[in-house]
> 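I have a structure I would like to understand better, so I am pasting it below and will then ask my questions one at a time.
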Amino acid sequence: DTGVSQDPRHKITKRGQNVTFRCDPISEHNRLYWYRQTLGQGPEFLTYFQNEAQLEKSRLLSDRFSAERPKGSFSTLEIQRTEQGDSAMYLCASSLEQGAGAPLHFGNGTRLTVT
Amino acid sequence: GNSVTQMEGPVTLSEEAFLTINCTYTATGYPSLFWYVQYPGEGLQLLLKATKADDKGSNKGFEATYRKETTSFHLEKGSVQVSDSAVYFCALMILTGGGNKLTFGTGTQLKVEL
């Protein structure tokens with residue numbers, strides 16, 4: 001179990017640029033989640049995949065955001081035309097089961113700074 | 001809707017002091033409850049969980065009991081260490097068609113001093 005891996009750890013970009021983050025879940029986990037965490041706040045749900053299907057998107061996920069999970073393995077989160085308000089920690093998590101209490105396993109996150 | 005309320009931090013304690021971090025929730029269904037911990041520069045790690053009323057979750061000396069009558073899941077530890085300094089998040093999960101989605105509180109920062 002190598003854990004959930006996210007790349008890059010840090011990204012600094014200028015406003016208006018596009019950025020893409022990658023998440024590699026724990027290998028046998030079929031569920032993958034993206035969360036966003038701003039300073040002093042708890043993580044907020046963005047979107048969820050079961051295998052390659054994106055089953056739910058939060059209204060926080062504007063049309064500038066898109067997430068994919070081709071082949072049900074790694075996932076990418078792209079933000080187009082970044083804004084300063086997009087600055088946050090983007091967390092990826094994965095889980096194996098849906099049963100009550102099945103925990104999510106989080107990666108170390110990608111910290112995005114938009115200047 | 002679903003929400004979690006935690007006591008505000010930072011909480012500053014001396015080593016070996018008793019810790020309580022309060023957590024209450026509002027849920028439309030019957031949630032599972034979790035505590036996650038976040039050390040500086042790291043992601044969230046599961047600390048403990050409870051899935052039904054009166055269950056007690058425990059790990060690394062931390063405990064929390066699922067109290068349905070008071071909709072609470074307070075985190076306690078009898079003797080904190082400097083290494084416990086971190087941000088603690090209470091969270092709930094309700095199973096829906098959207099999988100195991102967690103709703104988090106805002107987090108409580110704990111600082112333990114010698």
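Just the heavy atoms: all of them, side chains too, but no hydrogens, waters or symmetry mates, feed the values below. In what follows, chains are A, B, ... by sequence order, proteins preceding strands, each numbered from 1.
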> Highest number of heavy-atom pairs under 4.5 Å with chain B: which of A/G40, A/P103, A/G109?
A/P103
> Is A/R9 in contact with chain B via its backbone, its side chain, both, or neither, using a 4.5 Å heavy-atom distance?
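For A/R9, the contact with chain B is made by the side chain alone.
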> Using non-hydrogen atoms and a 4.5 Å limit, figure out which bit of A/E44 sits close to chain B: side chain, backbone, both or neither.
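Nothing of A/E44, per the 4.5 Å heavy-atom cut-off to chain B.
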> Could you tell me which residues in residues 4-30 of chain B have at least one non-hydrogen atom under 4.5 Å from a non-hydrogen atom of chain A, sorted by residue number?
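Expected list: none.
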> My understanding is that only residues two or more places apart in sequence, or in another chain, count here; which of them pass side-chain hydrogen bond (donor to acceptor under 3.5 Å, both in side chains) with B/K49?
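Here no residue qualifies.
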> What do you reckon, is CD of A/E68 surrounded by more than 12 foreign heavy atoms closer than 6.0 Å?
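No, not enclosed.
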> Output the residues of residues 80-91 of chain B for which the shortest heavy-atom distance to chain A is under 4.5 Å, in residue-number order; output 'none' if no such residue exists.
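The stretch touches chain A at B/F89.
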> For the CG atom on A/L60, are there more than 12 heavy atoms of other groups (residues, nucleotides or ligands in this structure) within a distance under 6.0 Å?
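Yes.
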> Could you have a look at A/R111, A/Q37, A/Q6, A/M89 and say which one has the most heavy-atom pairs with chain B under 4.5 angstrom?
A/Q37
> Need one label for A/L91: side chain, backbone, both or neither, based on atoms under 4.5 Å from any heavy atom in chain B.
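Side chain only.
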> Determine, using the 4.5 Å side-chain heavy-atom cutoff (strictly less than), whether A/L77 and A/F106 are members of one ILVMFWY cluster.
no
> Checking an interface table here. Which of residues 31-46 of chain B come within a heavy-atom distance under 4.5 Å of chain A?
B/S32, B/F34, B/Y36, B/Q38, B/G41, B/E42, B/G43, B/L44, B/L46
> Is a donor on one side and an acceptor on the other found under 3.5 Å between the side chain of A/Y35 and the backbone of B/L102?
yes
> Sort B/T51 into side chain, backbone, both or neither according to what part of it lies under 4.5 angstrom from a heavy atom of chain A.
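For B/T51, the side chain is the part near chain A, not the backbone.
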> List the atom of A/Y33, the atom of B/K101, and the distance in Å for their closest heavy-atom pair.
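Looking at all heavy atoms of both residues, the shortest contact is CE2-N, 4.3 Å.
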> Quick check: is A/F21 connected to A/I12 through a chain of hydrophobic side chains (ILVMFWY, heavy atoms under 4.5 Å apart)?
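No, A/I12 and A/F21 fall in different hydrophobic clusters.
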> Do A/L32 and A/L96 land in one hydrophobic cluster if side-chain heavy atoms of ILVMFWY residues count as linked below 4.5 Å?
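Per the 4.5 Å side-chain linkage, A/L32 and A/L96 are not co-clustered.
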> In terms of hydrophobic clustering (I, L, V, M, F, W, Y; side-chain heavy atoms under 4.5 Å; direct or indirect links), are B/L92 and B/L47 co-clustered?
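Yes: a chain of side-chain contacts under 4.5 Å links B/L92 to B/L47.
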> Are A/I79 and A/L61 in one and the same hydrophobic cluster, where Ile, Leu, Val, Met, Phe, Trp and Tyr link if side-chain heavy atoms are under 4.5 Å apart?
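Same cluster.
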